[in-house]
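Reviewing the structure listed below.
Whatever order the structure lists ligands and atoms in, that order sets their numbers, starting from 1.
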Amino acid sequence: MSTRRAGPRPRPDLSLYLVTDTVLCGDRGVPAVVAEAVAAGVTCVQLRDKTLDDDSLVALGRELRQVLAGTGVPLLVDDRVHLVEPIGADGVHIGQTDMDPVEARRILGEGALIGLSTHSVGQVRAASALPVGTVDYLGMGPVWATATKAGHAPPIGPDGLAAMRAESWLPAVAIGSVKAHSLAALAGSGVDGVAVVSALCAADDPAAATRELRAALARAGIGRTASAGGASGKASPHRVPSVLSIAGSDPSGGAGIQADLKAFSALGAHGCAVLTALTAQSTQGVTGIHPVPAAFVREQVETLLADVRLDAVKVGMLGSAEVARKVAALVRDRVDCPVVLDPVMVSTAGSRLLATDAVEAVCALAPEVDLVTPNGPEAAVMLGAAEATTLAEQREQAVALAERLGTRVLLKGGHLAGAESVDVLAEEGRLRELRAPRVDTRNTHGTGCTLSSAIAAEHAHHSDWGVAVGRAKHYLTRALQEADGLDIGAGPGPVHHFHPWW
Ligand SMILES: Nc1ncnc2c1ncn2[C@@H]1O[C@H](COP(=O)(O)OP(=O)(O)OP(=O)(O)O)[C@@H](O)[C@H]1O
Ligand SMILES: Cc1ncc(CO)c(N)n1
Ligand SMILES: [Mg+2]
């Protein structure tokens, strides 16, 4: 059975996630409790009832769909994948002993939301290793002992929650006896929201209880800051991270500084840009390069640093050895935020973007940065080895390069073949694979620029490299899946930086 739904699916706001309990809702009934709670600020609803038969659950689910119509709040069904379609729900939340998430994704298609319960670091790691796009978020818990769910998993506590959260780049919601008074203990855990059952279903006044939970979330700094405009009519000012790209210009708009600024913007960061080179370039390749004088690259950077706060920097095409050396000095002596280096040497179209005598200068810059993102050919050049042709060789080279450079390396797999495009993240002896289905599109121009910029922007939000790389990979994969409409020229077109998945 396949009820595949086309994308895109909404990115769920997990801030305040209501899980229904028919018994606790009592005479008021689930629809009434949900209606009051959503009106007061609940952002996601899961219909959970292990006792109702399928027909009864479908009937209740359809009532909830009516209640949620027009609110933008997604409705998920607990466990029963086969009822998503009959209810018309937005997706399903599955447990560890329910259906395999990959199978659920096959049945429901790309348009459905899929959440997965996790109870340990091992289960979080396993979930994070699933192909990108299999699951949309993780439930993590139970944080505290709970009566509303047969306690087959021991409580993880706030510290266990923080440890689990640190293991995954996927959005995460804490669950398990979460109350307004206990929320403070979850501050700093990194979760994107909390799921509650009795705190709302058993409340005498679900709307008041919802408002109390939202206030506690705001105090704990958890969830998206949804705040009604105050007297000024303006939403609460929240800090937008700034990210700088130091790179070349690609007039076709698919790579270089143009792609960087689009990725920053798509991921909620303010983008700044310092130009290192002009290229005459189309989808068919580069016909000319005009390096910016190194002294002027330095002046651009220093003028900016004297005024603009930066949360991350991405370094792309440097073009010449002199510019590479100048930027290395600036990164070493003046930049005090995380730096991602995309060691641009050859474009996907095969155009050389780095002067031969500049390779050494780029390699000398690498140890100064926090993450280097070579493609296969670039890693081979930096190692002085043949290009990896298998995943095993890719893993070996990632580890070898990370050791040689003394920093994290993400060795990208776009140049290899196979059903998946696997990137290998090597850091301090730890190896992680970021897997995604290889997208059958010719519009792959600027994938590397887009990925490294997305990593920089995500790190500016999350300050965790595993989370940043995973989320950037997810974003980039979606950008490829939505790229077919961008056949702008005779050659490979750009990815879709502003795709609807994010
Ligand atoms: N067809 C594809 N399907 C899915 N992911 C892809 C595909 N092609 C590339 N990727 C992914 O895109 C990212 C960039 O990898 P790639 O090897 O293309 O970088 P690059 O060669 O530096 O790109 P650029 O031409 O922009 O410099 C990686 O995460 C890679 O796995
Ligand atoms: C300017 C520029 N930077 C990077 C790339 C990587 O492909 C490109 N094609 N053009
Ligand atoms: Mg590249």
(message) Below 4.0 Å, non-hydrogen atoms only: which portion of Val439 touches ligand 1? Side chain, backbone, both or neither.
(response) both
(request) Would you mind checking which non-hydrogen protein atom is closest to atom 20 (P) of ligand 1, with the distance to 0.1 Å? (result) Asn375 ND2, 3.7 Å
(request) Starting from atom 7 (O) of ligand 2, find the nearest protein heavy-atom neighbour and note its residue, name and distance. (result) Ser347 CB, 3.5 Å
(message) Which residue and atom name correspond to the protein heavy atom nearest atom 9 (N) of ligand 2, and how close is it?
(response) Gln281 OE1, 2.8 Å
(request) Might you point out which heavy atoms bring Phe264 and Cys272 nearest each other, and give the distance in Å? (result) CE1-O, 4.1 Å
(message) Considering non-hydrogen atoms of the protein only, which is the closest contact for atom 25 (O) of ligand 1, and what is the distance?
(response) Thr348 OG1, 2.2 Å
(request) Would you mind telling me if ligand 2 is within reach of the side chain of Val286, the backbone, both or neither, using heavy atoms under 4.0 Å? (result) neither
(message) Using a plain distance cutoff, I'd like to know if Thr447 has any nitrogen or oxygen under 3.5 Å from a nitrogen or oxygen of ligand 1.
(response) yes
(message) Among Pro374, Gly413, Gly414, which one puts a heavy atom closest to atom 9 (C) of ligand 1?
(response) Gly414
(message) Using heavy atoms and a 4.0 Å limit, tell me yes or no: is Pro377 in contact with ligand 1?
(response) no
(request) Find all atoms of ligand 2 within a distance of less than 4.0 Å from any non-hydrogen atom belonging to Met317, and give their numbers and elements. (result) 1 (C), 3 (N)
(message) Below 4.0 Å, non-hydrogen atoms only: which portion of Leu476 touches ligand 1? Side chain, backbone, both or neither.
(response) side chain
(message) My understanding is that we take every heavy atom of each candidate and find the minimum distance to atom 7 (C) of ligand 1. Doing that for Leu411, Asn443, Val495, Leu480, which one comes out nearest?
(response) Leu480
(request) Can you sort out which atoms of ligand 2 are near Leu353, meaning under 4.0 Å from one of its heavy atoms? (result) 5 (C), 6 (C), 8 (C), 9 (N)
(message) Heavy-atom contact check, 4.0 Å cutoff: does Ser249 meet ligand 2?
(response) yes
(request) Can you sort out which atoms of ligand 2 are near Val344, meaning under 4.0 Å from one of its heavy atoms? (result) 4 (C)
(request) Taking only heavy atoms of Pro437 into account, list the atoms of ligand 1 that are under 4.0 Å away from them. (result) 3 (N), 4 (C)
(request) Could you tell me the residue and atom name of the protein heavy atom closest to atom 6 (C) of ligand 2, and the distance to it rounded to 0.1 Å? (result) Cys449 SG, 3.6 Å
